[in-house]
Structure formats: structure tokens, C-alpha cells
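Since the structure comes first, as C-alpha cells, the remarks are kept for the end.
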Amino acid sequence: MVSLYLIVLSLPFIVWYLISYLKWRKNTYDYMVIIPGVPRYPIVGTYYYFLWCPKEDVLDMFIAFIKSHGNFIHGWNGSIPEIHTQKAEHFEIILNNSVHITKGRSYNHLHPWLGRGLLTSTGQKWFQHRKLITPTFHFKILENFMVTIVEKTQTLLKILDGRADGQVFNIYTYITHCTLDVICETAMGVNVNAMSGKDNDYVKAIYNISDIVLWRFMHPYIPDYIFKYLPQGRKYERDLRVLHGFTEKVIADRKKALKTKILTPQDEPDNGNESWGIKKRLSFLDLLLEACDNNKILSDTDIREEVDTFMFEGHDTVTAAMSWNLLLLGNHQDIQEKAYEEIKAVLQNKPTPTTISELNELKYLERVIKESLRLFPSVPFISRQLEQEIQIDEYKIPSDVQAVLHIYGMHRNPDYYPEPEKFDPDRFLPENCVGRHPYAYIPFSAGPRNCIGQKFAMHEEKTILASIINRYKIVSVHRAEDVKKIPDLILRPVNGVSVVLERR
Ligand code: HEM
């Protein structure tokens with residue numbers, strides 16, 4: 001009697017489950033399985049393929065796997081249906097469409113850290129914040145940033161002078177601290193003096209968290225309620241406290257400086273402010289604080305999320321890009337010499353570029369930077385949640401599928417770049433770009449959710465690289481192709497970049 005009662009009670013649930021399952025088969029599964037790929041298993045989806053793969057081999061293995069199936073496959077991140085592509089034509093369909101602006105579900109692992117800042121938010125919130133923040137990257141403001149970029153570059157050169165002694169050292173850490181100082185002072189109006197310290201807890205916590213986010217991506221079957229009890233989950237919580245503590249201090253210090261110095265808009269350091277100097281200038285953070293005070297567009301949480309986002313995106317991406325670039329230049333002395341000749345001619349006897357017009361004259365260096373970002377894009381892949389059904393080649397891709405766009409793989413696709421592994425800046429001569437698919441080169445993504453900081457990044461990269469090349473001959477210890485790399489949010493060389501600097 002009891003069992004009959006139980007069967008009757010569970011009947012609606014069984015019927016509901018069956019209907020959902022049949023609907024899912026008809027609307028999603030049947031469309032996915034005809035796309036090339038490997039069989040799916042419950043819970044792990046198709047990620048069993050990478051279960052035993054060392055993380056420094058994941059990227060190359062993934063890229064080779066997609067390539068072997070014609071650069072387009074389907075997969076299952078646990079139960080989430082995915083497509084993976086390395087074709088510019090597919091990138092265009094997805095990125096050049098204001099409907100698909102929602103990031104893939106794998107970005108959810110970033111929410112505890114970056115909340116719903118510009119990188120991770122969607123819909124109205126993203127639109128409103130993008131509109132608000134865009135003017136803070138106006139070219140006039142970027143011009144003002146040059147003062148700070150040059151000042152930080154000069155500090156970096158002084159520090160590197162001490163390392164230009166013929167000994168091998170890892171330049172990655174020095175570049176990281178420099179870019180952190182640049183983003184904090186330009187965008188936040190706060191000087192954190194990262195270059196004066198050796199180890200930086202904030203930087204270490206970012207590496208740990210990025211590593212754990214990659215781990216979670218590769219282990220989609222571990223739910224949040226189990227993750228938080230694992231060693232990785234506990235480490236994540238500890239590192240979050242470090243990151244949020246750092247950004248909260250940046251915000252608090254800037255608020256304090258604005259309160260006490262609002263009527264004295266001079267551009268001088270205030271050494272009286274605890275350990276950090278403060279500069280008065282309309283920074284990105286000032287604008288956010290204003291929007292919070294005046295018309296309550298932003299809450300305190302909104303501000304923290306944006307500061308976390310810009311601190312991370314604004315320094316880690318540029319560090320990786322410059323470090324890979326130095327590695328490549330240290331491998332290719334002929335290209336380095338050509339860049340040096342150009343820099344010498346433009347700067348005359350100056351140690352660093354100081355204006356944007358000088359940067360604009362460094363045409364060869366720009367091609368070097370572009371080619372380096374082709375081979376080593378700081379963000380190796382991005383993803384989107386499809387909001388509508390799309391057609392890709394002969395396949396219909398249902399809405400709600402996660403589209404993973406492999407920028408790294410596409411940049412090395414021989415359909416767009418002959419001899420793709422070769423470092424050849426002249427690929428970016430205007431005449432050599434003719435006929436190349438417009439979406440075949442997108443280190444900064446493209447479409448409505450492209451990188452808001454791309455001009456800033458190019459100015460910073462050009463200034464710092466031109467100054468280093470102008471002062472030292474760079475010799476790399478390893479070949480770029482032999483360096484192990486991990487795609488944990490940012491494409492990093494596992495053991496940094498070992499170089500020898502010789503004073504010119
Ligand atoms: C070489 C340096 C850089 C590279 C290669 C790079 C690359 C990218 C890429 C590929 C995206 C799209 C991410 C996605 O769709 O998930 C992105 C977005 C973004 N980047 Fe950058 N970035 C760089 C520097 C910067 C800098 C310096 C800043 C800030 C000052 C910045 C801030 C952002 C923000 C806020 C977004 C999200 C934009 C939105 O969704 O509206 N990036 N970046």
C-alpha cells in the first residue's frame with residue numbers, strides 16, 4: 001500500500017523528467033552529436049579526455065585535438081553543451097552580434113572574485129557600466145597617463161640596471177610589479193609601490209586563484225558545495241581575502257585622498273598618506289566614486305567589482321604580453337636589432353618615449369608587438385553563452401550552448417597565417433594584411449565586448465618595451481617554443497622568462 005502510494009506520488013516527477021529529457025534530446029543533444037567530437041559520458045562530459053593531462057600541456061593538446069577535427073568540434077563541460085572553434089568565420093558570427101554578449105558559464109568561477117564587474121556582467125548592468133566607464137579611456141585621458149607610464153618605466157630601468165650584469169634572471173616578476181604600479185596609479189590614482197618590494201601578496205594570490213579557476217574549468221563535475229571543502233576551495237577563500245583586502249585598501253585610500261584634497265587638484269605625491277602616495281587626477285576610480293556619491297548609479301559593491309576587474313585585467317594581461325615579447329626578441333636578434341635601430345632614430349638621445357606621437361612613429365615595434373600577441377595572446381580563449389540559435393557551416397547550434405573561441409588556436413591556424421609558428425612581424429605590413437579575414441587577428445577580442453583597455457595596453461607596452469630595447473640587448477635563455485605555458489585565464493610561461501640583459 002505504501003509503495004503504491006510512493007509510486008503515485010513520484011509519477012509527476014517521473015513524467016516531468018521524461019518530458020524534459022526528450023525535449024533536451026530533441027532540442028540540444030541531437031544537434032550537438034552530429035558535430036565532430038568525442039563521446040560524452042555522464043558527469044564528466046567530454047573532459048575525461050584531459051583528466052590525466054599535465055596542465056602545461058592542456059593548451060597544445062586541446063588545440064591539436066580541435067585542429068585534427070577540422071578546427072571545429074562539440075564537447076560537454078560536464079552537462080553543459082559546448083562548441084569549440086578556431087575559425088575566424090565562426091568568431092565573426094558570434095562576436096559581431098550584440099545578442100551574444102553573455103559570457104560562458106565557465107566565467108561563473110570568477111564571480112566570487114570579480115563579482116559582476118565589466119568582464120563578467122551582462123545585460124543592462126554591463127551596458128550601463130560600459131557606457132559610464134568608456135570615457136575614462138578617452139584618448140585625451142590616455143595622453144595624461146603617459147606621465148605616469150614614463151615615470152614607472154624609469155623606475156623599472158633603474159632596477160633593471162642592477163640586473164644587467166651578465167647573469168640570468170627572471171624578468172617576469174619585474175614586469176608584473178611595474179604594470180601593477182602603472183594600473184594602480186593611472187586608473188586608481190593610488191601609488192602602491194609594488195616595484196619597491198620583492199614579493200607581492202596580491203600578485204601571488206592572483207596566480208593561485210587563476211590556477212584554481214583553470215582547475216575548476218577542467219573538473220566541471222565538482223559542484224560548489226563540494227569544492228569549498230577541498231584544499232583548492234579553502235585556498236581560493238584565503239586568496240580571495242588577500243585580493244579583496246588589497247582592492248578595498250585602494251578604494252579607501254582614494255576616498256580619503258579625495259575628501260582631504262578635493263580643492264587642491266595638484267599632481268604631486270602626498271607622502272603623508274600612510275605608506276601609499278596619492279595623486280589627484282580624474283582617474284577611473286574617481287569617476288566610479290562620483291557615480292556612487294552623486295546619483296547612486298553605482299553601489300559600493302559595484303565599485304569593488306570594477307576595481308577588482310580593472311586591477312586584474314589592467315596588469316596581468318599586459319605583463320604576459322610584454323614578457324612573451326621579450327622572450328621572442330631575445331630569440332630573434334635580427335628582429336631586436338631592427339626594432340632598436342627604429343627606436344634610436346625616433347628617440348634620438350632620450351631613454352624612453354614620452355609622447356603618444358613618438359609611440360605612433362614606432363611602426364616596426366608595433367608590428368613586433370602585434371606578431372607577439374598573435375603567437376601568445378594574453379587571453380588564449382574566451383567563451384559566450386549563445387542567446388539565440390545560430391548556423392555554423394552546415395550545423396544548427398541551439399541557443400544556450402557555450403561557444404568557446406580559441407584565440408590562440410585561431411592565431412596559429414595555417415589557413416590565415418602561412419608557417420604559423422614563425423615569428424614574423426612583417427605579417428602585419430599593410431600590404432600583407434590585405435585579404436586576411438578581419439576576425440583572424442583578435443588578441444583584444446572584437447565586437448561589443450572587445451577589450452576596453454586595448455589602447456592603454458598598446459601605449460604601455462610600446463613605452464616599456466621601447467625603453468628596455470633602447471637600453472639593453474636582450475638574450476633569452478630558452479626558445480619560446482620550448483617554454484611550458486599554462487592557460488589559466490592568462491597565458492603564462494610556467495617558470496617566467498629567463499633572460500640576460502647587456503647594457504648597450
Ligand atoms: C595586452 C593586453 C590586453 C589584452 C591582450 C586584453 C585582451 C582582452 C580580451 C581578449 C578581452 C575579452 C574577454 C572576454 O570576452 O572574455 C578583454 C576584455 C576586457 N579587458 Fe582587456 N586586454 C588587455 C589589456 C587590458 C587593460 C590594460 C585593461 C584595463 C585597463 C583591460 C580591461 C578589460 C576589460 C574591463 C574587459 C571587459 C570588457 C567588456 O566586457 O566590456 N584589458 N581584454
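Quick note: residue numbers are just sequence positions, from 1. Order of listing sets the numbers, starting from 1, for every ligand and every atom in it.
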Subject >> Backbone N/O of Cys451 and side chain of Gln454: donor-acceptor pair under 3.5 Å >> reply: yes
**OP:** Can you sort out which atoms of ligand 1 are near Tyr107, meaning under 4.0 Å from one of its heavy atoms?
**Re:** 14 (C), 16 (O)
Subject >> Atom indices of ligand 1, in the order listed, that fall short of 4.0 Å to a heavy atom of Phe456 >> reply: 27 (C)
Subject >> Residue Ile183 vicinity, atoms of ligand 1 by number, heavy atom under 4.0 Å >> reply: 30 (C)
Original post:
Where's the contact between Ile382 and ligand 1, heavy-atom distance under 4.0 Å: side chain, backbone, both or neither?
Top reply: side chain
Subject >> Side-chain donor or acceptor of Arg436 paired with backbone N/O of Arg427 under 3.5 Å >> reply: yes
Original post:
Less than 4.5 Å apart, any side-chain heavy atom of Tyr439 and any of Leu95?
Top reply: yes
**OP:** Indicate yes or no: does Asp302 engage Arg116 in a salt bridge with an N to O separation below 4.0 Å.
**Re:** no
Original post:
Any Lys/Arg nitrogen of Lys363 or Glu366 sitting under 4.0 Å from an Asp/Glu carboxylate oxygen of the other?
Top reply: no
**OP:** Give the numbers and elements of all ligand 1 atoms closer than 4.0 Å to a heavy atom of Glu461.
**Re:** 1 (C)
Original post:
Would Phe284 count as a contact of ligand 1 if the rule is a heavy atom under 4.0 Å away?
Top reply: no
Original post:
With a cut-off of 4.0 Å, which atoms of ligand 1 are near a heavy atom of Pro443?
Top reply: 5 (C), 7 (C), 10 (C)
**OP:** Verify, without hydrogens or angle tests, whether Asn170 (side chain) and Val497 (backbone) share a donor-acceptor contact under 3.5 angstrom.
**Re:** yes
Original post:
For Tyr364, which residues count as a ring pair (Phe, Tyr, Trp, His ring centres under 6.0 Å) partner, sequence neighbours excluded?
Top reply: none
Original post:
How far is atom 38 (C) of ligand 1 from its nearest protein heavy atom, and which residue and atom is that?
Top reply: Arg130 NH1, 3.5 Å
Original post:
Under 4.0 Å from any heavy atom of Trp126, which atoms of ligand 1 are there?
Top reply: 39 (C), 40 (O), 41 (O)
**OP:** Test His84 against every option in Phe91, Phe72, Phe62 by the ring pair (Phe, Tyr, Trp, His ring centres under 6.0 Å) rule and name the one that passes.
**Re:** Phe62
Subject >> Modelled atom types, side-chain donor and acceptor of Ser467 and Thr153, under 3.5 Å >> reply: no
**OP:** Please say whether Pro448 places an N or O atom under 3.5 Å from an N or O atom belonging to ligand 1.
**Re:** no
Original post:
To which of Arg449, His459, Glu306 does the heavy atom nearest atom 40 (O) of ligand 1 belong?
Top reply: Arg449
Subject >> Under the ring pair (Phe, Tyr, Trp, His ring centres under 6.0 Å) test, residues paired with Tyr207 that sit two or more places apart >> reply: none
**OP:** Provide the protein N, O or S atoms situated under 2.8 Å from atom 21 (Fe) of ligand 1; waters are not included.
**Re:** Cys451 SG
**OP:** Name the closest protein heavy atom to atom 35 (C) of ligand 1, giving the residue it belongs to and the distance to 0.1 Å.
**Re:** Phe310 CZ, 3.5 Å
Original post:
Should Asp239 and Lys204 count as an ion pair when the cut-off is N to O under 4.0 Å?
Top reply: no
**OP:** Taking only heavy atoms of Lys103 into account, list the atoms of ligand 1 that are under 4.0 Å away from them.
**Re:** 14 (C), 15 (O), 16 (O), 40 (O)
Original post:
Any salt bridge between Arg492 and Asp316, counting N to O under 4.0 Å?
Top reply: yes
**OP:** Record the part of Asn450 in heavy-atom contact with ligand 1 below 4.0 Å; permitted values are side chain, backbone, both and neither.
**Re:** backbone
Original post:
For Phe169, which residues count as a ring pair (Phe, Tyr, Trp, His ring centres under 6.0 Å) partner, sequence neighbours excluded?
Top reply: Tyr174
**OP:** Check each atom of ligand 1 against the heavy atoms of Arg384 and keep those under 4.0 Å away; list them by number with element.
**Re:** 15 (O)
